[in-house]
Chemist: 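The structure's right below; bear with me while I get my questions together.
Per chain, numbering begins at 1; letters A, B, ... match sequence-line order.
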There are 4 protein chains.
Amino acid sequence: MANRAALRAKSPHQATKQDRRRDEVLDAAAAVFAAKGFHAATTKDIADRVGLLPGSLYYYFESKEAAFVAVCRRRGQGFNARLAAILAGPGTLSDKVRAGIAQHLRHNRAELVSTIAFGERALPGGGGAELRALGRVYERLWERIFRAAVRARELPHDFDCRSATVALLALCNGAIHWYERKSPREIERIAARFADYFLNGALPRRGGLETRHRTAPP
Amino acid sequence: MANRAALRAKSPHQATKQDRRRDEVLDAAAAVFAAKGFHAATTKDIADRVGLLPGSLYYYFESKEAAFVAVCRRRGQGFNARLAAILAGPGTLSDKVRAGIAQHLRHNRAELVSTIAFGERALPGGGGAELRALGRVYERLWERIFRAAVRARELPHDFDCRSATVALLALCNGAIHWYERKSPREIERIAARFADYFLNGALPRRGGLETRHRTAPP
Amino acid sequence: MANRAALRAKSPHQATKQDRRRDEVLDAAAAVFAAKGFHAATTKDIADRVGLLPGSLYYYFESKEAAFVAVCRRRGQGFNARLAAILAGPGTLSDKVRAGIAQHLRHNRAELVSTIAFGERALPGGGGAELRALGRVYERLWERIFRAAVRARELPHDFDCRSATVALLALCNGAIHWYERKSPREIERIAARFADYFLNGALPRRGGLETRHRTAPP
Amino acid sequence: MANRAALRAKSPHQATKQDRRRDEVLDAAAAVFAAKGFHAATTKDIADRVGLLPGSLYYYFESKEAAFVAVCRRRGQGFNARLAAILAGPGTLSDKVRAGIAQHLRHNRAELVSTIAFGERALPGGGGAELRALGRVYERLWERIFRAAVRARELPHDFDCRSATVALLALCNGAIHWYERKSPREIERIAARFADYFLNGALPRRGGLETRHRTAPP
DNA sequence: TATGAATGAGGTTTCATTCAT
DNA sequence: TATGAATGAAACCTCATTCAT
């Protein structure tokens, strides 16, 4: 029921030490969920990672599923906030697509949001709805980026924004297995390349001095 | 021990009836694994689907993991065989990419191969290696398609075939959630669109009479 | 969900062997619940009593609470059926009160229905409602016995049937602790005495040759 | 070890404030035990009720069972003291029975002594013996009331005092479920009615102008 | 006097798996 | 070929209790 964690947040800035520990626990949970998925992850896995016993985790959250949702919520909100900033900021469609893809891959590698959240069809409890809602918000933000580009005549007036969103997210989410162990520098390169594919395609454009899609010099 | 499954395949041509039943069981397993993932799927789920009791499944396979690997193996081999045929066949790069993406989405929707196989990081037993090997074969086939296009001067000589493969597979695998309930006809449309994105990109090509990426007429 | 036990009852008379085992398990559960109450009883207690492991109990019922409810339902229905037969049968009020009290004490000693069912305020799940409903049926049957006596002029027209029911049930249920280890013969004597107290009171009736309430000869 | 509770009661008259707090805690424990029973009650339930954390309760008692015993002891001693006063006081048997039943119901409603104490067959620790002893004292007091009435010729010389005690206590204890939410005024009425049932019985006495057992005017 | 954090034992439950029939 | 009964391990979770602060 009402977790003790809810009793916190009394003193506005002194709550940090307690919250820090809670964050440690949730970070451990995030790591384990990312590595194994919700169902294969055990409370013992998480507990071991923070040096607790499984039962002690329940001091910090009410259930395994609640921890999972908390993890996804925090990560997902960060995702949405960053993409909203990109949408609201300056730049052409290309700029925004590049920035959006880059931040997606960057944080998804570090936090594995999509792996965690999308990996679980049907949570046992009722937590799935909130996660799906967060995902829809993210999709809508991408769609608005495309629609803004249509309004700015960067894209034809009958451009299929929905479909582009689906393709872009598919591209980004489908690749985690390949880049999850890459260095941050390489992530940026992959992100740039994905943006290129998405914006320009693999085929050479006629008349352009193309530097895209070339093998990276070692 | 010597599993009862090993007692099968005695009479060389009478095995068909038994094998048919075994295929039914594996199909049920495939469906359940696709719907829930390996860990969340229970032997009871599978048994219910074929009208058996959980214990009776062990007449057909040695363990839940063995069933999972068998499912993925069969589906994965089909995937590889079809792509190999495309690679060996005639046509330009564009033709092959379109055909490859189409068959990937088609069969992935029906059989959810990538969902099943990639969804499971770390199987409990040792079955993961075989699945990863199957996946690598598939990747290599795609790479060979691109390399052939480079040799045929359809792509620049320094085209990054590896990277293109990663992007293409990411695009295809990342979208299952969106198309898994679509009709076969719509799958074909999505596949065509994905191929367009991959080959030509989202941005309008100058000087072309573009019909790509438009909103589909209702 | 749908327990395997629900799949039974196919062959109308051959189901007995399976049902007999299930009854054994439920009897064990009844004994443990009666001895310790719902909360203090553990699944291990029950399992030990039938020579099973705790997990194996779930082959026979879905949860500890479901077992508890099943036990109470069966016992309670027997209670109600027997009292309904007394109500419908012949005899004066005194006869029926004597018979009703006797059967209550008799079966409550053997099956501890009221101990089990009334002992639990607030079951964790939702099973409490059914049990309360069963109890209300029993109360109503007693009330009808009194009302029938009013109609038959055995009791004054303004006799408080409800209040009598409460008193009678209080008398019967409150005494389990004293008679739960007594022999069947002594139970009958106690029942007769309780009926006397209830019908005639402790004080001597004037003008009557009283043999009631005397110390039993050894 | 030496519990902190032992550190109390140092200054002989300053102990009042501490004791008051301890009483509050025990009252909370009593309420929770009464509402849920010993096993279903949790230390958190009790702590919540006094605005403490569960661990803080151990400043006031050594264990949950110790708290339970303390609660029952205090309540039980009050019960016994009041009944002893009635026994020692003036009045006929009827007067004493009426007074005894009234005080029993009165305080049992408020403090649920019998519910608490009798509800628990088999405490985990060794506290049960003391509680049973307290109960036996109470029973003996009632028996002495009846024996005094025999000596005073209010009851026949062979009246079964033991049996009357059992019946009376059964009547009083078995009815808590019905009267625990009634108002004090109604409790008094119920007590009077129970006393009537116990003394005179339900059947009409011949030749008496009976006002007993009538439905209460609204 | 009370808290916050943790323990550890034990509880209920799930489930892959086995095996006699 | 399949069932029914059971196992045993491990899962999630609860909770009385401890102890440094």
Side-chain angles (χ1 to χ4, degrees), chain A residues 4-5 7-8 17-18 21-22 25 39-47 50-65 67 124, chain B residues 1 3-4 7-8 17-18 21-22 39 41-47 50-60 62-65 67 124, chain C residues 4-5 7-8 17-18 21-22 25 39-47 50-65 67 124, chain D residues 1 3-4 7-8 17-18 21-22 39 41-47 50-60 62-65 67 124:
Chain A
R4 288 184 196 86
L7 302 178
R8 271 177 308 96
K17 202 168 71 186
Q18 313 178 13
R21 185 75 172 123
R22 181 166 204 264
V25 173
H39 287 283
T42 71
T43 53
K44 180 165 191 311
D45 291 332
I46 300 171
V50 271
L52 286 178
L53 291 176
S56 305
L57 295 176
Y58 291 78
Y59 187 77
Y60 296 100
F61 44 72
E62 290 165 33
S63 69
K64 184 186 161 188
E65 180 171 348
Chain B
M1 296 293 131
N3 194 356
R4 292 191 199 86
L7 301 179
R8 268 179 315 99
K17 203 171 67 188
Q18 308 178 9
R21 187 80 173 115
R22 178 165 208 268
H39 281 95
T42 71
T43 53
K44 181 169 189 310
D45 291 332
I46 300 170
V50 272
L52 288 177
L53 290 177
S56 308
L57 296 176
Y58 289 77
Y59 186 82
Y60 297 101
E62 291 166 33
S63 71
K64 184 184 162 190
E65 180 171 349
Chain C
R4 286 184 198 85
L7 301 178
R8 271 178 307 97
K17 203 170 69 189
Q18 313 179 13
R21 186 72 172 126
R22 179 165 207 265
V25 173
H39 287 285
T42 70
T43 52
K44 180 166 191 310
D45 291 332
I46 301 171
V50 271
L52 286 178
L53 292 175
S56 306
L57 296 176
Y58 290 77
Y59 187 78
Y60 297 99
F61 45 72
E62 291 164 32
S63 69
K64 182 185 164 189
E65 180 170 350
Chain D
M1 296 295 132
N3 195 355
R4 292 190 198 86
L7 301 179
R8 266 179 316 99
K17 204 172 66 187
Q18 308 178 8
R21 187 79 173 117
R22 178 166 207 267
H39 281 95
T42 70
T43 53
K44 179 169 191 307
D45 291 332
I46 301 171
V50 271
L52 287 178
L53 289 176
S56 308
L57 296 176
Y58 289 77
Y59 185 83
Y60 297 103
E62 291 165 33
S63 70
K64 184 185 161 189
E65 180 170 349

Chemist: Tell me which of C:L52 and A:S56 sits closer to the 5' end of DNA chain F, going by the nucleotide each one is nearest to.
Modeler: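 Residue closer to the 5' terminus by nearest nucleotide: C:L52.
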Chemist: In whole Å, what is the span from the CZ atom of A:R21 to the P atom of F:dT21?
Modeler: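 Result: 16 Å.
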Chemist: Under 4.0 angstrom, heavy atoms only, what part of the nucleic acid is D:A47 near: base, sugar-phosphate, or nothing?
Modeler: nothing
Chemist: Can you check the A:I46 CD1 to F:dA11 P distance for me, whole Å?
Modeler: 12 Å
Chemist: A:E62 has an atom CD; how far is it from atom P of F:dC12, in whole Å?
Modeler: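 Rounded to whole Å, this separation is 16 Å.
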Chemist: Remember a base hit wins even if backbone is also touched, and classify C:A41 as base, sugar-phosphate or nothing at under 4.0 Å, heavy atoms.
Modeler: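 Sugar-phosphate, backbone atoms only, no base.
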Chemist: Using the side-chain heavy atoms of C:Y59, tell me which of these nucleotides is nearest: E:dT1, F:dG4, F:dT17.
Modeler: F:dG4
Chemist: Looking only at side-chain atoms of B:S63, point me to the closest of E:dT17, F:dA2, F:dA16.
Modeler: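 My answer, after comparing the listed nucleotides, is E:dT17.
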Chemist: Starting from the 5' end of DNA chain E, give me the residue, C:K64 or B:T42, whose nearest nucleotide shows up first.
Modeler: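 That would be C:K64.
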Chemist: What residues, two or more places apart in sequence or in another chain, satisfy side-chain contact (heavy atoms from CB on, under 4.5 Å) together with C:T43?
Modeler: C:P54, C:L57, C:Y58, C:K64
Chemist: Find the distance C:L53:CG to E:dT18:P and express it as a whole number of Å.
Modeler: 17 Å
Chemist: Does C:Y58 place a side-chain N or O at less than 4.0 Å from the phosphate oxygens OP1/OP2 of E:dC15?
Modeler: no
Chemist: Roughly how many Å is it from NE2 in C:H39 to P in F:dA16, rounded to a whole number?
Modeler: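 Result: 13 Å.
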Chemist: I want to check something: taking the side chain as every heavy atom from C-beta on, are B:L52 and B:Y60 in contact at a cut-off of under 4.5 Å?
Modeler: yes
Chemist: How many Å lie between CD on B:Q18 and P on F:dA2, as a whole number?
Modeler: 10 Å
Chemist: Could you list the residues that satisfy side chain to side chain donor-acceptor pair (under 3.5 Å) with B:S56, not counting sequence neighbours?
Modeler: none
Chemist: In dot-bracket, 5' to 3', how would DNA chain F read with Watson-Crick or G-U wobble pairs under 3.5 Å, [ ] for crossing ones and | for pairs to another strand?
Modeler: .||||||||||||||||||||
Chemist: Expressed as a whole number of angstroms, how long is the span from B:D45:CG to E:dT14:P?
Modeler: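 That distance rounds to 13 Å.
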Chemist: At under 4.0 Å, does any side-chain N or O of D:T43 touch on OP1 or OP2 of F:dC15?
Modeler: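 No.
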Chemist: Here's a test of your reading of the structure: between A:G55 and C:K44, which maps to the more 5' nucleotide of DNA chain E?
Modeler: A:G55
Chemist: Please report, rounded to the nearest Å, how far the P atom of E:dA2 is from the CZ atom of D:R22.
Modeler: 13 Å
Chemist: Closest-nucleotide mapping onto DNA chain F: is C:L57 or B:G51 further toward the 5' terminus? I mean the 5' end.
Modeler: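 Result of the comparison: B:G51.
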